[in-house]
Amino acid sequence: MTAILVLNGPNLNLLGTRQPEVYGYTTLADIETMCQDWAETAGCTVSFAQSNHEGALVDAIHAAKGQQDGIILNAGAYTHTSIALMDAIASVELPAIELHLSNVHAREEFRHNSYIAKVAIGLICGFGAHGYVLALEAMKAHLSR
Ligand code: DQA
C-alpha cells in the first residue's frame with residue numbers, strides 16, 4: 001500500500017489560532033483528520049507529524065527512507081532558510097512535494113525563496129487546508145505513474 005508522510009514544521013501546531021486571516025481557522029488536528037479520511041478513501045496510508053525543531057524534521061525525513069513512498073512537506077519558515085532540510089530530502093531520494101497554506105509568492109519577499117523547491121517534484125500553495133488533500137492526490141498520481 002502506498003505510504004505517504006505528511007510533515008509539518010515550526011508554528012504549524014498553532015494553526016487555528018495563529019494569524020487566522022492568513023492561515024485560516026482549521027487546526028492541525030482537523031488537517032490530520034482530513035488527511036486520514038483521504039487515505040481511507042484512496043487506499044493509502046498517511047503518517048502525520050509536526051515539529052518546531054529543524055533537527056527533528058531532518059530525523060523524520062531520514063526515518064522515512066524505506067518506510068514511506070513520498071513526503072509532503074510544509075516546512076513553515078524553514079522553507080526559506082534550511083539547507084539542512086533541502087539536503088535531507090535530496091539524501092533520502094524520495095519524491096517530495098512542497099506545501100504551504102498561504103500563497104507565499106504573494107507575501108513578503110523573503111518568503112519567495114525556497115530551499116525545498118530545489119529538491120521537490122512540485123509545489124502547492126495558496127489553497128489553505130485543502131492544499132493538503134491536493135498534495136496527497138498529486139503524490140498518489142505521481143507514484144502511480
Ligand atoms: C507557511 C508559509 C511560511 O512562509 C510560513 O513561515 C509558515 C507557514 C504556510 O503554510 O503558508 O510558517 O509554510
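Since the structure is predicted, the reported quantities are computational estimates derived from the model, not experimental observations. Numbering of ligands and ligand atoms starts at 1, following listing order.
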Polar side chain donor-acceptor pair, Glu54 to Asn52, under 3.5 angstrom:
no
Would you check if there is a donor-acceptor pair between the side chains of Asn11 and Tyr23 at a distance under 3.5 Å?
no
Are Leu123 and Ile71 connected in the hydrophobic side-chain network, where two residues link if heavy atoms are under 4.5 Å apart?
no
Atom 1 (C) of ligand 1 sits nearest the protein heavy atom His100 ND1, 3.6 Å
Counting non-hydrogen protein atoms only, what is the nearest one to atom 4 (O) of ligand 1? Give residue, atom name and distance.
His80 NE2, 2.7 Å
Under 3.5 Å between any N/O of Ser102 and any N/O of ligand 1: does that happen in this structure?
yes
Between Arg18 and ligand 1, does any nitrogen or oxygen pair lie at a separation below 3.5 Å?
yes
Any chance CD of Glu108 has more than 12 other-residue heavy atoms, nucleotides or ligands included, within less than 6.0 Å?
yes
Under 4.0 Å between heavy atoms, the region of Thr79 that gets near ligand 1 turns out to be neither
Verify whether one side chain among Asp30 and Thr27 offers a donor that lies under 3.5 Å from an acceptor in the other.
yes
Does Val22 approach ligand 1 within less than 4.0 angstrom via side chain, backbone, both or neither, non-hydrogen atoms only?
neither
Give yes or no for whether the N/O distance cutoff of 3.5 Å, strictly under, is met between Leu101 and ligand 1.
yes
Determine whether a donor-acceptor pair (N or O, by modelled atom type, separation under 3.5 Å) exists between the side chain of Glu98 and the backbone of Ala120.
no
Per-atom contacts, ligand 1 versus Val104 - under 4.0 Å to a heavy atom
2 (C), 4 (O)
Hey, can you tell me if His80 and Phe110 have their rings parallel, tilted or perpendicular (30° and 60° cut-offs)?
perpendicular
Residue and atom name of the nearest protein heavy atom (relative to atom 5 (C) of ligand 1), distance in Å to one decimal:
Arg111 NH1, 3.3 Å
Between ligand 1 and Tyr78, can you find any atom pair, the residue atom being a heavy atom, that is separated by under 4.0 Å?
no
Regarding ligand 1, does Ala77 bring an N or O atom to under 3.5 Å of one of the ligand's N or O atoms?
yes
